Amino acid sequence: MANIAPTGSPPSPPSLTHPPPPRKLTSVKALSESPGLSSIPSIYTFPKQPNHEPVSDTKEPIPTIDFSLLISSNPDERSKTIRELGKACGDWGFFMVTNHGVPERMMKAMIEVCREFFELTEEEKGECEGKHVLDPIRYGTSFNPSVDKILYWRDYLKIFQHPAFHSPSNPPSFSEIALEYSKRTRGVMKEIVRGISESLGLEDKYIEKASTLENCLQIMVANLYPPCPQPELAMGLAAHTDHGLLTLLIQNDTVGLQVLHKDKWVNIHPIPNSFLVNIGDHIEILSNGKYKSVLHRAVVNDRNVRISIALAHGPAADVAVNPAPMLLEDGQNPLAYPAIKYKEYVELQQSSKLDGKSYLEHIRNRGI
């Protein structure tokens, strides 16, 4: 992935051992539209497990960060917002971002053009079917069918947006909308990363420089969760954390994201025209565990389609991420994570089954 190919060109041959290509599967959208479907095939049925525990009825609101105050020229306003940002990272690992400057019409257009993509024929969507987790455009279903024993009630489209921009050829408007949207969200991401850096007591551009953020790997993941006749048996996505630094998510008006907070699952109800932001595994690594990536999952329902669009932002592909040395200087915080190139982390995590924080814990406990 050091040489990310232009649209239409194959990526550089991977250097690691890869699992066999996923078996050909019917999309969940096509399955959900089968005439008379009243139950789900057994391959989508999850056994009774903690992931199906009742959701917390907590009244504690998810933190909200006013982006306009984060970039304010008023030092008192900005300092207060950075403290709030640090608390949000430490307490929740998730927060809403309002007043971010990305036009609401642009956010709605991004959701709509992704919906149009999923409405294409199976043959048209199949033209984007990738063979490897680092292919710059990849359409599929579940998470990783080559290793998934039980499939997720989800179709997806994953696209590399930066440092090289890629787009499917259909719908025709996808490229123009996604290009502008990805640029605007990178700007929001960089300011939040600077605030997080300062909240850790680091220089404002420390994380930016340490991760070579001008060449950041930005991946768009559009998710489609169709109605499910037995939602209590299926999962949209199991509990997991995100690789990278920050994920910015938008969705349509159907609720389905749950976050693990204080050992209980909490339904997240987004604020209109806001981003839901969560810190990824590499903020946990850079902060040496002070800020932790948080488990979250997607549940499904029997009535409405849910569409979510996540933009994952990571370091540059070839950067080996380390804990910030300044956070280790007092000797009270021993080095918790060895260095690993970001592209290797992404490849290995995405080639495995979705399993909580297992890969990050593997690094923490035993190294690579």
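FYI, side chains are in, hydrogens and waters are out, and symmetry mates aren't considered; it's all heavy atoms of this structure. Being a predicted model, the structure only gives us computed values, none of them experimental.
Linking Ile, Leu, Val, Met, Phe, Trp and Tyr whenever their side-chain heavy atoms come within less than 4.5 Å leaves L249 and I279 in two separate clusters. In terms of hydrophobic clustering, with Ile, Leu, Val, Met, Phe, Trp and Tyr side chains grouped at heavy-atom distances under 4.5 Å, L245 and I82 are assigned to a common cluster. There is a path of hydrophobic side-chain contacts, each under 4.5 Å, that joins L213 to Y291. Both V346 and F160 are members of a single hydrophobic cluster when ILVMFWY side chains are connected at heavy-atom separations under 4.5 Å. When hydrophobic clusters are built by joining Ile, Leu, Val, Met, Phe, Trp and Tyr residues whose side-chain heavy atoms come closer than 4.5 Å, directly or via intermediates, L202 is grouped together with L246.
Residue S167 holds its OG atom at 9.5 Å from CD1 of I177, rounded to the nearest 0.5 Å. One finds the CD atom of E232 at 7.5 Å from the CD1 atom of I40 (value rounded to the nearest 0.5 Å). With rounding to the nearest 0.5 angstrom, the CG atom of L200 is 5.5 Å from the CD1 atom of I207. Rounding to the nearest 0.5 Å gives a distance of 9.5 Å between NZ of K205 and NZ of K190. With rounding to the nearest 0.5 angstrom, the CD1 atom of I196 is 12.5 Å from the CD atom of E208. From E129, atom CD reaches atom CG of D135 across 10.5 Å, with rounding to the nearest 0.5 Å.
Side chains of H313 and T185 form a contact here, defined as non-hydrogen atoms less than 4.5 Å apart. The shortest side-chain heavy-atom distance between L31 and P226 does not fall under the 4.5 Å cut-off. Between P103 and R184 the shortest side-chain heavy-atom distance falls below 4.5 Å. Counting heavy atoms from C-beta on, the side chains of V321 and Y345 never come closer than 4.5 Å. Here the side chains of S211 and H282 are not in contact, with every heavy-atom distance at 4.5 Å or above. Side-chain contact between L335 and L328: present, with at least one pair of heavy atoms (C-beta onward) separated by less than 4.5 Å. Using a 4.5 Å cut-off on side-chain heavy atoms (C-beta onward), V277 and I65 make no contact. Under the 4.5 Å side-chain criterion, counting only non-hydrogen atoms from C-beta, I111 is in contact with I250.
For residues 85-106, every residue pair satisfying the salt bridge (charged side-chain N to carboxylate O under 4.0 Å, His left out) rule, not counting sequence neighbours, is listed here: K87-D91, E104-K108. Within the structure, every pair that satisfies the salt bridge (charged side-chain N to carboxylate O under 4.0 Å, His left out) test and touches residues 276-286, not counting sequence neighbours, is listed here: E284-K357. Sorted by first and then second residue, the ring-ring contact (aromatic ring centres under 6.0 Å, His included) pairs with a member in residues 205-263 read W92-H261, H240-H296, H243-Y342; sequence neighbours excluded. Residue pairs that meet the salt bridge (charged side-chain N to carboxylate O under 4.0 Å, His left out) test with at least one member in residues 235-262, sequence neighbours left out, are E60-K262.
Minimum interatomic distance between A298 and R306 (heavy atoms only, all atoms of both residues): CB-NH1, 4.0 Å. The two residues Y152 and V28 have their closest heavy-atom pair at O-CG2, 3.7 Å. The minimum heavy-atom distance linking C114 with A222 is given by the pair SG-CB, 3.7 Å. Closest of all the heavy-atom pairs between C216 and M189 is SG-CE, 4.1 Å. Nearest approach of I268 to M96, heavy atoms of both residues: CG2-CE, 3.8 Å. Residue L286 comes nearest to A210 through the heavy atom pair CD2-CB, 4.4 Å, listed as atom of the first residue, atom of the second, then distance.
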Intermediate values then yes/no, side chain to side chain contact (heavy atoms under 4.5 Å, CB included), F94 and L276: CA-CA 7 Å; F94 274 77; L276 177 64; 4.0 Å; yes

Derivation and outcome, side chain to side chain contact (heavy atoms under 4.5 Å, CB included), residues T141 and L151: CA-CA 8 Å; T141 191; L151 301 180; 5.7 Å; no

Pair K343-E347, salt bridge (charged side-chain N to carboxylate O under 4.0 Å, His left out): steps then yes or no: CA-CA 6 Å; K343 66 179 179 182; E347 183 172 17; over 6 Å; no

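With hydrogens and angles ignored, the 3.5 Å screen pairs a side-chain donor or acceptor of N252 with a backbone N or O of I307. The backbone N or O of C228 lies less than 3.5 Å from no partner atom in the side chain of S32, so there is not a single donor-acceptor pair. H269 contributes no side-chain N or O that, together with a main-chain N or O of V255, makes up a donor-acceptor pair within less than 3.5 Å. R154 places a side-chain N or O within 3.5 Å of a backbone atom of S142 that can act as its donor or acceptor partner. Side-chain N or O atoms of R138 include none that pairs as donor or acceptor with a backbone N or O of Y156 at under 3.5 Å.
Residue P227 is tested with T254, D302, V305, N304 for a side chain to side chain contact (heavy atoms under 4.5 Å, CB included); the sole match is V305.
With 3.5 Å as the limit, one finds a donor-acceptor pair spanning the side chains of S27 and E122. In this structure, a donor-acceptor pair under 3.5 Å is absent between the side chains of T98 and D66.
Looking at K29 and E33, a side-chain N of the basic residue comes within less than 4.0 Å of a carboxylate O on the acidic one, giving a salt bridge.
Remark: E112 engages R115, E116 in a side chain to side chain contact (heavy atoms under 4.5 Å, CB included) (not counting sequence neighbours). The salt bridge (Lys or Arg N to Asp or Glu O under 4.0 Å) test applied to E191 returns R194, not counting sequence neighbours. Under the side chain to side chain contact (heavy atoms under 4.5 Å, CB included) criterion, N74 pairs with S72, D76, E77, not counting sequence neighbours. Partners of N215 under the side chain to side chain contact (heavy atoms under 4.5 Å, CB included) rule, at least two apart in sequence or in another chain, are T212, A316. By the ring pair (Phe, Tyr, Trp, His ring centres under 6.0 Å) test, Y181 is found to be paired with no residue, residues two or more places apart in sequence or in another chain being considered. Applying the side chain to side chain contact (heavy atoms under 4.5 Å, CB included) rule to A178 yields the partners M110, Q161, F165, F174, M220; only residues at least two apart in sequence or on another chain are considered. Looking at residues two or more places apart in sequence or on another chain, you find no ring pair (Phe, Tyr, Trp, His ring centres under 6.0 Å) involving F118. For K183, there are no salt bridge (Lys or Arg N to Asp or Glu O under 4.0 Å) partners at least two apart in sequence or on another chain.
Taking the ring centroids of F67 and F275, they lie at or beyond the 6.0 Å cut-off.
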